[in-house]
Colleague: 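I have a structure here, written as structure tokens, and I will follow up with some questions on it.
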Amino acid sequence: MIVAGNWKMYAGPDPAAVAARVGAIGGVDKIVCPPYTGLASCVAAGLATYAQNVHWENEGAYTGEISPRMLLDLGVAGSLVGHSERRQYFGETDAGVARRAKAALEAGLSVIACVGETQEQRDAGDTETVLRIQVDAIGDACGSHERLVLAYEPVWAIGTGLTATPEMVEEAHALIKSLLDVPVLYGGSVKPDNAEVLMGQPSVDGALVGGASLDVESFAAICEAAAR
Ligand code: PGA
């Protein structure tokens, strides 16, 4: 089981407090994804630390980007790629996401690559097609790499308090695993009170948690649910 906390563009909790609270929870890999400016202090606190994005080159004229080597030099273990907010607000494409994931894996980072349909796509009956296109782009570039994890995050469930039903989650995860044989996390309004049932689905290997990871106690409660 893996529980990753995506702090997005929030300062987040005190890394030492997170480490002290979740450190002893066994049987689950606990990861934090702070903004770039918080990476060093999370690493220093002994947390498994991922960036929220990573470029494909190790250096170059790419204003505003951070390279795999820069992250490794900081002691960062991995990165998210393809989060729906990157796709929605910053124009990231399936091809770019695949390129970022491949380069990060080749450099030695672990990767959590995010996929998921919008409400419009679900309503139109296009969920399966969308997931196939997104997963195949990543799979064609990376294969089932041992440091690659996918996250299924239905866009309509992110930050909305709407959660996919356990049946919807299981169906999507089973499809994703049939396309690419890697662990798959669920993300989208995971909270302490729904974490256990969502992570109890057979094809769910953990959670990618946004809002609830900003509070040490609720993040710890989700890690404890994963451990059970
Ligand atoms: P949420 O965010 O838990 O706040 O819905 C999840 C994510 O975007 O990774």
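This structure is a prediction, so every number in the text was calculated from the model and none was measured. Counting convention: from 1, in listed order, for ligands and their atoms alike.
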Colleague: What atoms in ligand 1 come closer than 4.0 Å to a heavy atom of Asn6?
Modeller: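 Going through ligand 1 atom by atom, the ones under 4.0 Å from Asn6 are 9 (O).
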Colleague: Taking the side chain as C-beta and beyond, is there a heavy-atom pair between Met70 and Glu65 under 4.5 Å?
Modeller: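 Met70 does not reach Glu65 side chain to side chain.
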Colleague: Quick check on Lys191 - does any of its heavy atoms sit under 4.0 Å from an atom of ligand 1?
Modeller: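 Lys191: no contact with ligand 1 (<4.0 Å).
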Colleague: Looking at ligand 1, would Gly188 count as a contact under a 4.0 Å heavy-atom criterion?
Modeller: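 It does; at least one heavy atom falls under 4.0 Å.
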Colleague: Any idea which atoms of ligand 1 are less than 4.0 Å away from a heavy-atom of Gly211?
Modeller: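 Heavy-atom distances to Gly211 below 4.0 Å select 1 (P), 3 (O), 4 (O).
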Colleague: Mark up the atoms of ligand 1 that fall under 4.0 Å of a heavy atom belonging to Ser189, in ascending order.
Modeller: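 Those qualifying, in numeric order: 1 (P), 3 (O), 5 (O).
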Colleague: For ligand 1, which atoms, with element, lie under 4.0 Å from some heavy atom of Lys8?
Modeller: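 The atoms of ligand 1 under 4.0 Å from a heavy atom of Lys8 are 2 (O), 7 (C), 8 (O).
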Colleague: Give the other cluster members for Leu162, using side-chain heavy-atom distances under 4.5 Å between Ile, Leu, Val, Met, Phe, Trp and Tyr residues; answer none if it is isolated.
Modeller: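 Reading the cluster by chain and number, Leu162 sits alongside Trp156, Met168.
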Colleague: Are more than 12 heavy atoms, taken from residues, nucleotides or ligands other than Tyr10, located less than 6.0 Å from that residue's OH atom?
Modeller: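 Result for OH/Tyr10: open.
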Colleague: Report yes if some heavy atom in the side chain of His83 is under 4.5 Å from a heavy atom in the side chain of Asn53; otherwise report no.
Modeller: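 Heavy-atom side-chain distance check fails, nothing below 4.5 Å.
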Colleague: Which pairs with one or both residues in residues 165-200 pass ring pair (Phe, Tyr, Trp, His ring centres under 6.0 Å), sequence neighbours excluded?
Modeller: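 Pairs touching residues 165-200 that pass the test: Tyr152-His173.
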Colleague: Considering only heavy atoms from C-beta outward, does the side chain of Gln119 approach that of Thr160 to under 4.5 Å?
Modeller: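 The answer is no, as the side chains (C-beta and beyond) never meet within the 4.5 Å cut-off.
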Colleague: Measuring from non-hydrogen atoms of Gly159 to any atom of ligand 1, is the shortest distance under 4.0 Å?
Modeller: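 Contact present.
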Colleague: In the protein, what heavy atom is nearest to atom 9 (O) of ligand 1, and what distance, to one decimal place, separates them?
Modeller: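 Of every protein heavy atom, Glu153 OE2, 2.7 Å lies nearest to atom 9 (O) of ligand 1.
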Colleague: Tell me the contacting part of Ala157 for ligand 1: side chain, backbone, both, or neither, using a 4.0 Å heavy-atom threshold, strictly below.
Modeller: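 Backbone only.
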